[in-house]
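Here's the structure, in structure tokens; my notes come after.
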Amino acid sequence: MAKLKDVAEAYESKQTKNIAELDVVSVDLEVEDDEFEVEDDKGNPKVVKQKIAIINKERYRVPNSVLKQLKVLLEDNPKLTKFKVKKTGTGLNTDYTVIPIM
């Protein structure tokens, strides 16, 4: 049995980064579904679903707007293998731009 002090000192919070933090992203990157629970503004539990990629044991969120833009790019250029994502704004005003890398 572990002491609370030892468990607290070893604790590392789960944190999901954003795909825009990567310099280059491969279209062959494995993506999986993820979900977590948060409280809404009334204190009721709410399930949030997201797509994530795991790279070197780090979790990166893949926003739906990135998937939508990448789909359009791949329809136009099926040979596209790499891209990067530029993030502007914060919170609900965040925008993502998918930039193909040749």
Side-chain angles (χ1 to χ4, degrees):
M1 186 176 294
K3 293 184 180 183
L4 181 58
K5 175 185 175 185
D6 297 332
V7 173
E9 289 173 343
Y11 175 78
E12 292 181 24
S13 67
K14 283 186 178 181
Q15 197 167 39
T16 303
K17 296 182 177 186
N18 191 293
I19 195 168
E21 296 176 46
L22 299 170
D23 293 331
V24 176
V25 182
S26 169
V27 297
D28 294 321
L29 188 62
E30 295 285 331
V31 176
E32 58 188 65
D33 291 322
D34 183 44
E35 62 181 47
F36 58 95
E37 197 171 280
V38 295
E39 288 185 1
D40 65 14
D41 38 341
K42 295 181 181 178
N44 299 319
K46 172 184 168 185
V47 175
V48 175
K49 295 181 180 186
Q50 64 183 1
K51 299 277 188 202
I52 62 164
I54 300 175
I55 304 167
N56 297 328
K57 298 182 182 179
E58 295 283 347
R59 300 158 48 93
Y60 292 86
R61 184 173 76 86
V62 182
N64 289 334
S65 62
V66 169
L67 296 173
K68 183 178 178 180
Q69 290 182 53
L70 183 58
K71 179 179 180 176
V72 171
L73 289 173
L74 288 169
E75 287 171 352
D76 191 49
N77 181 7
K79 293 183 180 182
L80 178 69
T81 59
K82 295 180 182 176
F83 65 98
K84 64 181 179 177
V85 179
K86 182 169 180 157
K87 175 183 171 184
T88 55
T90 59
L92 295 176
N93 294 320
T94 303
D95 289 316
Y96 298 95
T97 304
V98 177
I99 303 165
I101 297 176
M102 303 298 165

- [ ] Please list, chain by chain and in numerical order, all residues satisfying salt bridge (charged side-chain N to carboxylate O under 4.0 Å, His left out) with R61, sequence neighbours excluded.
- [x] none

Open item on the list: Nearest 0.5 Å, please: how far is CG in D34 from CZ in R59?
Closed with: 4.0 Å

Task: Contacts of K51 that satisfy salt bridge (charged side-chain N to carboxylate O under 4.0 Å, His left out) - sequence neighbours left out - done: D33

Task: Sequence-distant partners of V24, side chain to side chain contact (heavy atoms under 4.5 Å, CB included), two or more places apart - done: K82, I101

- [ ] Would you mind listing the cluster partners of I52? Hydrophobic ones only (ILVMFWY), side-chain contacts under 4.5 Å, chaining allowed.
- [x] I54

TODO: Please name all residues satisfying salt bridge (charged side-chain N to carboxylate O under 4.0 Å, His left out) with K17, sequence neighbours left out, ordered by chain then number.
DONE: E58

Task: Residues that, via side-chain heavy atoms closer than 4.5 angstrom, fall in one hydrophobic cluster with L92 - done: none

Task: Qualifying residues under side-chain hydrogen bond (donor to acceptor under 3.5 Å, both in side chains), relative to E21, sequence neighbours excluded - done: none

Open item on the list: Tell me if the CG atom of D23 is crowded by more than 12 foreign heavy atoms within 6.0 Å.
Closed with: no

Open item on the list: For E35, give me all partners under side chain to side chain contact (heavy atoms under 4.5 Å, CB included), at least two apart in sequence or on another chain.
Closed with: V47, K49

Open item on the list: Rounded at 0.5 Å granularity, tell me how far NZ in K86 sits from CG in D95.
Closed with: 11.5 Å

TODO: May I ask you to list the residues sharing a hydrophobic cluster with L67, side-chain cutoff 4.5 Å, ordered by chain and number?
DONE: I19, L22, V25, V27, L29, I55, Y60, V62, V66, L70, L73, L74, L80, F83, V85, Y96, V98

Open item on the list: How close do A20 and K87 get, counting heavy atoms only, and between which atoms?
Closed with: CB-CB, 3.7 Å

Task: Of all pairs that satisfy side chain to side chain donor-acceptor pair (under 3.5 Å), the ones with a partner from residues 67-76, not counting sequence neighbours - done: none

Open item on the list: Could you check whether atom CD of Q15 has more than 12 heavy atoms from other residues, nucleotides or ligands sitting under 6.0 Å from it?
Closed with: no

Open item on the list: According to side chain to side chain contact (heavy atoms under 4.5 Å, CB included), who are the partners of N44, at least two apart in sequence or on a separate chain?
Closed with: D40, K42

Open item on the list: Clusters formed by hydrophobic residues whose side-chain heavy atoms approach within less than 4.5 Å: which one holds F36, and what are its other members?
Closed with: V38, V48

